[in-house]
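Read the structure below first, then the notes.
Chain letters run A, B, ... following the sequence lines, proteins first and then strands; every chain starts at 1. As the structure is a prediction and not an experimental result, all values here were calculated from the model.
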Amino acid sequence: MQYDHQTVEKKWQKYWVENGLFTTNSNPKKKYYDLVMFAYPSGDIHMGHCKNYVIGDVIARFKRRTGFDVLHPFGWDAFGLPAENRAIEIGVHPREWTLNNITVSDESLKLLGISYDWEREIITCLPDYYRWTQWMFLLMYKRGLAYKKEAYVNWCPGCQTVLANEQVIDGHCYRSNCKSPIERRKLNQWFFKITDYAERLLRDLEKLSGWPERVKQMQKNWIGKSEGTNIVFPVKNSDIKLEVFTTRADTIFGVTFISIAPENPLLDHLIKDSPYKDAVHTYVSDSSHKSVVERAEKEKDGVFTGIYAINPINGCEIPVFVADYVLVEYGSGVVMGVPAHDSRDFQFARKYNLPIQVVIKPKSGEIDPKHMNDAFVDYGIMINSGEFNGLTSEQGIEAVTEFLHKRGFGGRAVNYKIKDWLISRQRYWGAPIPIIYCEKCGIVPVPDKDLPVLLPENIKDYVPRGKSPLAAVDEFVNTTCPHCSAPATRDPDTMDTFVCSSWYFLRYLDPHNKSEFCSLENARKWLPIDQYIGGIEHATGHLIYFRFFTKVLYDAGFLHVDEPATNLFTQGMVLRNGEVMSKSKGNAVPVGPFVEKNGADVARITILFAAPPERDMEWSDEGVTGAQRFIERIYRLIMENKNLVIKNCSVQPENDMQKKLYIRINQTVARVSNDLENFKFNTAIAALWELLNDLYQYKERDAFFGYGLYVMMNLLSPFTPHLADELWFRTGNTNSLMTEKWLDYDPHYMSDDRMVIVLQVNGKVRGHIDISRDADEEQIKSLALADERVRRHTDNKQIKKIIYVPGKLINVVI
RNA sequence: GCCGGGAUGAUGGAAUUGGUAGACGUAGCGGACUUAAAAUCCGCUUCUCCGCAAGGGGAGUGCCGGUUCAAGUCCGGCUCCCGGCACCA
């Protein structure tokens, strides 16, 4: 009896859609928002992409059967560079390429039987969607969270555009087929002020108990909160004050120089009368030509500015250097140099023969300043520090900060590593920034009523040349000022696609709303996301951005929640031959042909059974073989016995064999239900496999056998929905299992009334006794001591004690 | 450097949180069915020692040590691997 997956799968896919089984109940009583990260349409999807979707689908199908109104939508993150690069290569319009990819990929998802509510599909490159992306920009602008500034930014020479910090990996472009070394350029760009939310983004991580610890830790590191002191160093013979940030105010007596970043805007003013002006300019110019990586890897160097600053704690004069190991964007872009207690400062001081003044000694022991090889960076006891001598570093930090604060030389300060989010991109295929520049009125936001600012379609040249291709489209750029109607120009840049993806989860809630991105009513119905599923690679990008957007919308009164997702699950990747599955590596398994040959349910089992879902899995032919056998064996067994299937077993088990099977059945219901709640799909399938093996072994064709078959097909439905529904149908039902309530188990038959007690002597297993569950401790002990194998080890020995773990084991200690 | 996570048979992986290590699958071996093969069904498979056998002993979850009647699981110290951040002052 051969299982004809092709016919069966098509039939049920059609049935599900025609009967609206994937359609969301728009008035949920008990809502469950099950969301997988949407996708970039870079071609047809392959099995590597599908793991995510299969996991989401299992959850959706399970939750529906346990009484939830499930929202399970999908969509496409459709703007972005690959489409544009394709356009440059082969001349097809990015829109056409993207929409084609979406069409074929949607088809593949349907072939796998993923239960998306297709009526809610969203595509970010369509004006209906991106008008709201633009609206989000304007909201940020109105709330003072979008601003334009001239700044040093990450420039990708490959993509010919700027990138956000989150898109620079080890000094290189994040795009896997670019990876160019990032350069620094000073450009006038739009930023989102995510730093205003740094503290809340950090603090609220505590609320996210349903998020993996790893992701929270990564976000914490990324936000990088650092508490310390701002210290003001007045400049000698000048009104300029240099402010530095330090976490080690206790080392202030050891400051022997100050370093300022070459890009620091204070610098020009500082050196305007200095005789060392030219040398400084040369140094600044040199370092501006170095890439981020080059600067990080070279030896620390700098140049004296000819300027001296005054240490506010003791009035000492100290030289000011320009040094490009100082980051302009962190703190104030000026640092105090304490060579004795900071490794970088130590190297710098050695190179330029600056004094190394020891002011902290270890809590036990001494430091010999003459023979130091490196800085002493640990906390210790303050020395050579005047009235502060003898304080511990912890006390010293407090005391010095307090001292300076009282005298107006600074005070407590907090710094974050996270930087404002640069969202301008000098590329075509994105949502245009809805801003107009007017000579008279300056920066003018496009009024809401004029949205969307349409991306022009008739563009001839996509090739990036350092500015947006839109700058060359006169019909687009030239407009009139919304304020004064004078001729004006549009911003030619488009937005980072991560802006589009920061709010997409809201559009699903109300995808056809023409007047709002989402009504508050719909937001209240569905938010927060109950389960979000996606890749770990988004930990410090998208997963921070969408939290940021949620908080801004909450503050503006558009949402009632300030965190988007209560639970997050990060799935592992799909590998083949040891490498991540991808089209470009040539190891991808395309969906269409695989499903044609083996079936969607085989694909689903292969993915789910190979490894726990959070771990990387290797796609192997052996895995496919196993999944195939699993499905065939179930089909055969149930079809051969289809007349025996019964929905409940009203009889009580009469013999041990029946009881054993009935217990197995109940245990399986419990195990599978529990595993489904905990993302343990591999062990859930293993439990089903055990039940299957037991059913094969069971020779009686009685009610318990028939019930076992019934339970089997029921529990299968989240994993292999086509097979399950087909069996359900063939055993006399006219509906889909999707609309059947999930099974309960009979609590009276969860375990045998007999138990197996493990017999140990000194912790070593020596035997077992099979005994009634009501047996008391004394009875068991005496049986254990009488056991032949136990006696072999206890005879002629003195028994010290006997440990009895109820229902489990007995350990005789000799 | 800092912060996470991990290491279990030939192999993917189980193990109710301290209580029979190796569930389930794959591969391999053997058996049944078959003229034969495939498929299917049924068994065996951590290493090692004693035994013709039934059976019995010993060791074993990266390494070393500890706690405990009992450790893959807890504690201390390492080794290696993977991931994140990294000139953050």
Side-chain angles (χ1 to χ4, degrees), chain A residues 2 169-171 212-226 228-229 244-248 251 259 261 292 295-298 300 323-327 329-338 341-345 347-348 377 415-419 536-537 539-540 605-606 609-612 614-618 620-627 629-630 632-633 636 670-671 674 680 682-693 696-697 756-768 789 792-793 800-814:
Chain A
Q2 183 74 32
I169 314 289
D170 292 333
E213 224 28 68
R214 183 158 69 127
V215 172
K216 287 191 278 185
Q217 195 61 45
M218 282 163 77
Q219 293 207 352
K220 206 174 159 187
N221 290 344
W222 188 260
I223 294 166
K225 182 179 183 174
S226 174
T229 312
V244 307
F245 172 74
T246 179
T247 52
R248 292 299 301 274
T251 65
S259 290
V292 181
R295 271 174 68 158
E297 284 173 358
K298 74 176 174 61
K300 311 224 170 322
D324 64 6
Y325 73 88
V326 181
L327 304 173
E329 62 271 21
Y330 186 76
S332 57
V334 187
V335 301
M336 62 184 211
V338 186
H341 305 292
D342 181 283
S343 298
R344 293 154 303 185
D345 297 344
Q347 290 168 40
F348 194 84
V377 298
N415 262 294
Y416 299 91
K417 288 188 203 174
I418 193 171
K419 292 175 194 91
I536 186 77
E537 67 275 16
T540 55
I605 292 295
T606 305
F609 185 61
E614 68 277 11
R615 217 180 292 182
D616 287 352
M617 65 154 288
E618 173 76 22
S620 69
D621 293 345
E622 289 77 17
V624 175
T625 304
R629 277 184 203 154
F630 180 62
E632 294 280 346
R633 287 181 83 204
R636 249 181 284 122
R671 281 170 72 187
N674 190 49
K680 292 169 80 176
N682 56 330
T683 49
I685 293 168
L688 287 167
W689 224 308
E690 285 180 55
L691 175 60
L692 181 64
N693 289 341
Y696 262 90
Q697 298 285 337
V756 175
I757 300 289
V758 176
L759 305 181
Q760 294 184 336
V761 177
N762 278 2
K764 289 200 167 107
V765 180
R766 296 300 176 190
H768 307 93
R789 285 189 60 204
R792 200 177 300 162
H793 293 90
K800 277 203 218 149
K801 60 175 158 174
I802 299 175
I803 286 144
Y804 175 61
V805 183
K808 278 196 178 131
L809 62 74
I810 195 149
N811 189 11
V812 182
V813 186
I814 53 171

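- Of the candidates G83(B), C85(B), C69(B), the closest approach to any side-chain atom of V813(A) belongs to C69(B).
- Distance from the side chain of E690(A) is smallest for A23(B) among the nucleotides A23(B), G13(B), U20(B).
- Comparing A15(B), U20(B), C24(B) by their closest approach to the side chain of H768(A) singles out U20(B).
- Not one N or O on the side chain of N415(A) forms a donor-acceptor pair closer than 3.5 Å with the backbone of K225(A).
- If you take atom P in U40(B) and the same atom in U46(B), they sit 24 Å apart, rounded to whole Å.
- Among the atoms of the strands shown, only primed sugar atoms or phosphate atoms (P, OP1, OP2) are found under 4.0 Å from some heavy atom of Y696(A).
- As judged by a 4.0 angstrom heavy-atom cut-off over every strand, N682(A) is placed among residues touching the sugar-phosphate backbone only.
- Side chain of N693(A), nearest nucleotide from A89(B), G19(B), C24(B): C24(B).
- Within 4.0 Å of K801(A), counting heavy atoms only, lie sugar-phosphate atoms of the nucleic acid but no base atom.
- With A89(B), U20(B), G43(B) as the candidates, the nucleotide lying closest to the side chain of Q697(A) is G43(B).
- Between K808(A) and E297(A), the residue anchored nearer the 5' end of RNA chain B, judged by the nucleotide with its closest heavy atom, is K808(A).
- Relative to the side chain of E622(A), the nucleotides C41(B), A27(B), A15(B) differ in distance, and A27(B) lies closest.
- Of the candidates G12(B), C3(B), U40(B), C3(B) carries the atom nearest the Q217(A) side chain, counting heavy atoms from C-beta on.
- Across all strands shown, V758(A) has heavy atoms under 4.0 Å from base atoms, whether or not it also approaches the sugar-phosphate.
- Remark: the N811(A) side chain and the C69(B) base include a donor-acceptor N/O pair separated by less than 3.5 Å.
- In U17(B) the O4'-C1'-N dihedral to the base is within 90° of 0, which defines a syn nucleotide.
- Distance CZ/F348(A) to OH/Y325(A): 5.5 Å, rounded to 0.5 Å.
- Across the P atoms, G62(B) and A7(B) are found 7 Å apart, a figure rounded to whole Å.
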